[in-house]
Amino acid sequence: MKLVFWLLDINPKVDEDTFELWLWGIDSEGNRVLLVERNFAAYFYVVLHGGANPDVVIQEIMESYAVEVAKTEVVSRRFFGKPVTAIKVTCKNPTKTAQVAKELRKLNGVSDCLEDDIRAAMRYLIDNGVVPCGWHEAEVAEEPNTQKVRVYGVFSLLSSPKPLDNPNVPRLRTLAFSMVCYSHEGTPKPDRNPTVLISTVASNGEEHQFVADKNNNDKQLLNDFNAYIKKFDPDVIVNYGGNATDWTYLKSRSHKHNLKLDFDRAGFEPHTSVYGHVSVTGIVNVDVADFSDMFPEVKVKTLANFAEHLGVGAAGSGVVEDVLVAEYWDNPKKRPELERFSLESARRVYGVGELLVDFAMQMAGLTSLPLDHVMTAATGFRVDWYLVKLAQKIGELVPRRLEQQYISYTGGLVLSPKPGLHDNIAVLDFKSMYPNIMITYNISPDTYIEPDQPDPEGGSYKAPEVGYRFRKTPPGFYKEALTYLINIRGELRQKMLALNPKTVEYRILDARQKAVKILTNAIYGYAGWVGARWYIKPVAEAASAWGRHIILTASQLAQQAGLGVVYGDTDSLFINYDKAKVDQLQKDIKVELKLDVEIGEVYKRIFFTEAKKRYAGLRQDGTLDVVGLEVIRGDWAEVAKQVQEHVLEIILKEQTHKNAVSYVHSVVSDLRHRKLPLDSLIIWKTLTKPPEQYAVRAPHVEAAKLLLEKGWRLGSGDKVGYVVVAGKGALNRRVKPHVFAKLDEIDVDYYVTNQVLPAAARILEFFNVTQKDLEKTTKEEKTKSLSEYF
DNA sequence: GCATACGGAGTACCA
DNA sequence: ACTGGTACTCCGTATGCG
């Protein structure tokens, strides 16, 4: 019979003598189904040395390895663009490809074995064009549910599924949860601290809270939570931090009570798998924390901040800091607040999931990485898999990831800004500069010509400065990848124009074009990543060399056209806006450099200091665009950022600093009188390694150590929020984690001298007001309070 | 013995 | 755990002065 299904997840199922691939899906009637593939044959390639005779090598393979090898076949492939003869070796046991390949590498005539490092599930998806989060049709036979998996029906696949062109997503059952663990000794540890509260929000509208008993025993809670998931039977479980914390914690707690956390669709427990994601058989586990890198505007990546940024949940509703959880739990008056926070957290998780899972599904489809780990995988690995798919299509063998030394190279060119205020400045941007350079000059690992090789018949492109050459023909691997991505995005955006943005279809297309854009823009970076399967250093080097040449040439063309260049960075030029001249310049650039430039923002007025990568512009609509300055940095106190932003607004709008100076005075006065909330004084910094590994006693590290002393676990990647308190000694001995600090112990002078005034003076210096001037006047003047100022 | 200068460590930004 | 270019603070020691 034929079965139409949408692919939710795939996992290998290995028993002693059987190897199956389990494809979890939803059929066109909305039933949850399991399709079992028993005909998967794993293989790898044996690449031969130049003169080697494939038949001789095959004979040797069959003599020594007949036990493991099911089949051999001589095939023609390419490797880094060059034709190679290879032997496709199919293994009897799919779990042993890497092992057999390792042995065969030792044979005479064999230069290498390739693709033995591609996991069975990925091999299957890529070879058959089966797509995670996509619809398929397959010939199947229903079979008894001997494994007692919790689905509507089990089917064996009689042929590999064929992808269908249907962008729709079936109605999924989604469950979000958030947990609270009880500890007086810092970070909760599963061997000693119970989970006292779990809140859930489900796509059917149900909300639940599972609560530990009077003695804080969590046995019943865990049992009920597990049973509830089984009963609701979600397709997708959403959480925040589940990969790093929640699942192992809950599993550990369950085991402590001799319970199993076996809610999945096959009776297994959650387990950590590739890229560090937690896999739940038959269900997609999505950790929305994995999306946080997509939003650099959110500096402190808590669930509440993240949700607020996305407009999810009740804005400004109370947050209970980790440090206070135990206190709230113990206090009957405060516990309801913690309970509300927990439920609100589950709602936030659910809401964030609703907004972002569309994107993840599209990224899964593009890369073939299943939904449960496509967002856990780093950008480089997503590009890797996208390219593996393309390689399979064009017969290019997939290189292994090699351990090799990294040597950095020269990147983009940054022009020095002309300090001060400028009126009417246009930003000229090269559209997708690196992708287009790579397409135009056919820069790719398979078109690179080694320095000792002659130019090929079709000729070559030679990169400026570095001199690397690339074949003009045929089109390289990257050119094909990029052209396809750019075209598909164009088509998607075209289709979107005809749709109402409120429709589901529009939303899906928008998610897809975003995924395509992100992948496109990552390919240049990937090319320069030493871990890339197709890493060839000159590829990235040549692209950036062309980039520098292009921006420099464009800058010269602008000046020749009589357009002053006030700044430029990598792929942008800031020039005086004279419409006729700029239009002409655009055309000249296209002719001269073969690349499109577009006019981006046209600022009414813009302000530069002497520093590169830092400026503030006044847009046509009167809003401010601040770039690089303290205003948009996460490691300055809010009070300093606000002061600088307002100073910028005044000087950009009024073109004089007079009011800015009195404004600074008023804030300093408020600060000295402690009229500002403690929150505005927190400085957040990230730990980039374990605290004990630091060479110097940096303030945030000292603050982290104070938290560690109280049992809070902090490590690489964690943000530390601290304030500076009054007292004796060096700054790094006067820091306090913000959760322990009170407003009246703050070192006000530090905030005036090292936060507010430097941020203000950075701008005001160009109006001949130095920090010293500000210091003097703030001390002398009887200043107005902030409220009077407004 | 103390203030200041300066290089290195550390972080976060722009493209 | 995709790239390089850049600004900036703070630490900690070297340096200079008295």
Side-chain angles (χ1 to χ4, degrees), chain A residues 274-276 290 293 296-297 299-300 373 376-384 386-387 401 406-417 427 429-430 432-434 438 518-535 537 539-545 547-548 551 567-574 600 608-615 625-637 640 683-689 691 693-702 704 716-717 719-720 724 729-735 750 753-755 758-759 761-762:
Chain A
V274 281
Y275 306 124
D290 288 340
D293 285 351
E297 315 89 293
K299 308 294 177 186
V300 183
H373 60 279
T376 314
T379 312
F381 294 102
R382 288 183 218 151
V383 175
D384 238 6
Y386 173 74
L387 293 174
R401 203 178 300 288
Y406 180 67
I407 307 164
S408 75
Y409 61 92
T410 314
L413 185 68
V414 190
L415 307 178
S416 290
V427 183
D429 279 307
F430 281 89
S432 309
M433 181 192 248
Y434 286 132
M438 293 168 92
I518 285 176
L519 216 49
T520 311
N521 291 339
I523 288 182
Y524 160 73
Y526 173 88
W529 174 39
V530 71
R533 286 177 182 269
W534 278 275
Y535 177 66
K537 194 184 162 216
V539 168
E541 236 180 321
S544 74
R548 292 192 297 276
I551 202 70
Y567 179 59
D569 185 351
T570 311
D571 61 356
S572 67
L573 284 177
F574 291 56
F608 291 104
T609 68
E610 274 165 4
K612 296 170 172 179
K613 297 185 185 279
R614 300 179 147 221
Y615 56 86
D625 186 16
V626 184
V627 179
L629 292 161
E630 283 74 5
V631 172
I632 49 121
R633 290 184 66 98
D635 57 350
W636 281 75
I683 296 163
W684 292 92
K685 274 196 166 73
T686 309
L687 291 174
T688 56
K689 49 191 163 189
Q693 279 179 22
Y694 279 81
V696 292
R697 294 174 161 263
H700 71 298
V701 180
E702 295 307 297
S716 190
K719 276 253 200 254
V720 185
V724 178
L731 174 59
N732 59 11
R733 313 190 43 152
R734 293 188 287 113
V735 293
Y750 171 82
T753 314
N754 296 54
Q755 293 279 325
R762 182 106 49 228

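It should be emphasised that the depicted structure is a prediction, and the values quoted were computed from it without experimental measurement. Numbers restart at 1 for each chain; the letters A, B, ... are given by sequence-line order, proteins then strands.
If you check every strand for non-hydrogen atoms under 4.0 Å, Arg401(A) touches nothing. Within the 4.0 angstrom heavy-atom criterion, only backbone atoms of the sugar-phosphate kind lie near Ala611(A); the bases stay farther away. As judged by a 4.0 angstrom heavy-atom cut-off over every strand, Lys537(A) is placed among residues making no nucleic acid contact. Within 4.0 Å of Gly531(A), counting heavy atoms only, lies no atom of the nucleic acid at all. Note on Ile632(A): only backbone sugar-phosphate atoms sit closer than 4.0 angstrom, heavy atoms only; bases stay farther off. Note on Ser544(A): nothing from the nucleic acid sits closer than 4.0 angstrom, heavy atoms only. As judged by a 4.0 angstrom heavy-atom cut-off over every strand, Asn521(A) is placed among residues making no nucleic acid contact. Using a 4.0 Å heavy-atom distance criterion, Tyr567(A) is classed as making no nucleic acid contact. No contact: Tyr386(A) has no heavy atom under 4.0 Å from any strand. Heavy atoms of Pro296(A) sit nowhere under 4.0 angstrom from any nucleic acid atom. At the heavy-atom level, Gly525(A) lies under 4.0 Å from base atoms of the strands shown.
Figure legend: Lys689(A) and Tyr694(A) shown as a cation-pi pair, the cationic atom lying under 6.0 angstrom from the six-membered ring centre and within 45 degrees of its axis.
Between the CG atom of Leu415(A) and the P atom of dT6(C) there is a distance of 10 Å, given to the nearest Å. The CD-C1' distance, from Glu702(A) to dT9(C), rounds to 16 Å in whole Å. With rounding to whole Å, Tyr275(A) atom OH is found 11 Å from dC2(C) atom P. Distance Lys612(A) NZ to dA12(B) C1': 18 Å, rounded to the nearest Å. Per the geometry, CG belonging to Leu629(A) stands 17 Å off P belonging to dT6(C), to the nearest Å. Nucleotide dA7(C) holds its P atom 11 Å from the CG atom of Asp569(A), rounded to whole Å. What separates CD of Gln755(A) from C1' of dT9(C) is a distance of 10 Å, to the nearest Å. The CZ atom of Phe608(A) sits 13 Å away from the P atom of dA7(C) (whole-angstrom rounding).
When atom types are taken as modelled, the side chain of Arg548(A) and the backbone of Thr410(A) share a donor-acceptor pair closer than 3.5 angstrom. Under the 3.5 Å distance criterion, the side-chain polar atoms of Thr376(A) are left unmatched by any main-chain donor or acceptor of Gly276(A). At distances below 3.5 Å, not a single donor-acceptor pair connects side-chain atoms of Lys612(A) with backbone N or O atoms of Tyr567(A). No side-chain donor-acceptor contact under 3.5 Å links Tyr434(A) to the backbone of Ala522(A). Here the side chain of Arg734(A) pairs no donor or acceptor atom with the backbone of Val724(A) at under 3.5 angstrom. A donor-acceptor pair under 3.5 Å is formed between the side chain of Ser544(A) and the backbone N or O of Glu541(A).
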Using the 3.5 Å cut-off, write out each protein N or O paired with an N or O of nucleotides 6-10 of chain B and the distance between them.
{"unit_1": "dG10(B)", "atom_1": "OP1", "unit_2": "Lys689(A)", "atom_2": "NZ", "d": "3.3"}
{"unit_1": "dG10(B)", "atom_1": "OP1", "unit_2": "Ala695(A)", "atom_2": "N", "d": "3.1"}
{"unit_1": "dG10(B)", "atom_1": "OP2", "unit_2": "Lys689(A)", "atom_2": "NZ", "d": "2.9"}

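Distances from the side chain of Lys613(A) to the nucleotides dT9(C), dC11(C), dC14(B) place dC14(B) closest. For Trp636(A), whose side chain is taken as the heavy atoms from C-beta onward, the closest listed nucleotide among dC2(C), dT3(C), dT9(C) is dT9(C). Closest to the side chain of Phe381(A), from the set dT11(B), dC11(C), dA1(C), is dA1(C). For Arg614(A), the listed nucleotide lying nearest its side chain is dA7(C); candidates were dA7(C), dT3(C), dG5(C). Of all nucleotides listed (dT6(C), dC14(B), dA7(C)), dC14(B) comes nearest to the side chain of Val627(A). The side chain of Asn732(A) has dC11(C) as its nearest neighbour among dA12(B), dC11(C), dT9(C). With dC2(C), dT3(C), dC11(C) as the candidates, the nucleotide lying closest to the side chain of Tyr524(A) is dT3(C). Checking dC10(C), dA12(B), dC2(C) against the side-chain heavy atoms of Asn754(A) singles out dC10(C) as nearest.
Contact annotation: Lys299(A) reaches the phosphate of dC13(B) (side-chain N/O to OP1 or OP2, under 4.0 Å). Side-chain N/O atoms of Arg733(A) include none lying less than 4.0 angstrom from OP1 or OP2 on dC11(C). Between Tyr750(A) and the phosphate of dC10(C), there is a side-chain N or O to OP1/OP2 separation shorter than 4.0 Å.
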**Message:** For Lys613(A) and Asp569(A): C-alpha separation, side-chain torsions, deciding distance, then whether side chain to side chain contact (heavy atoms under 4.5 Å, CB included) applies.
**Reply:** CA-CA 8 Å; Lys613(A) 297 185 185 279; Asp569(A) 185 351; 2.8 Å; yes
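Across the interface with DNA chain C, nearest-nucleotide mapping of Ala522(A) and Thr410(A) shows Ala522(A) to be the residue nearer the 5′ end. Across the interface with DNA chain C, nearest-nucleotide mapping of Gly412(A) and Tyr526(A) shows Tyr526(A) to be the residue nearer the 5′ end.
Residues that satisfy the side-chain contact (heavy atoms from CB on, under 4.5 Å) test with Arg697(A), not counting sequence neighbours, are Glu702(A), Asn732(A). Lys719(A) is linked by a salt bridge (charged side-chain N to carboxylate O under 4.0 Å, His left out) to nothing, counting only residues two or more places apart in sequence or in another chain.
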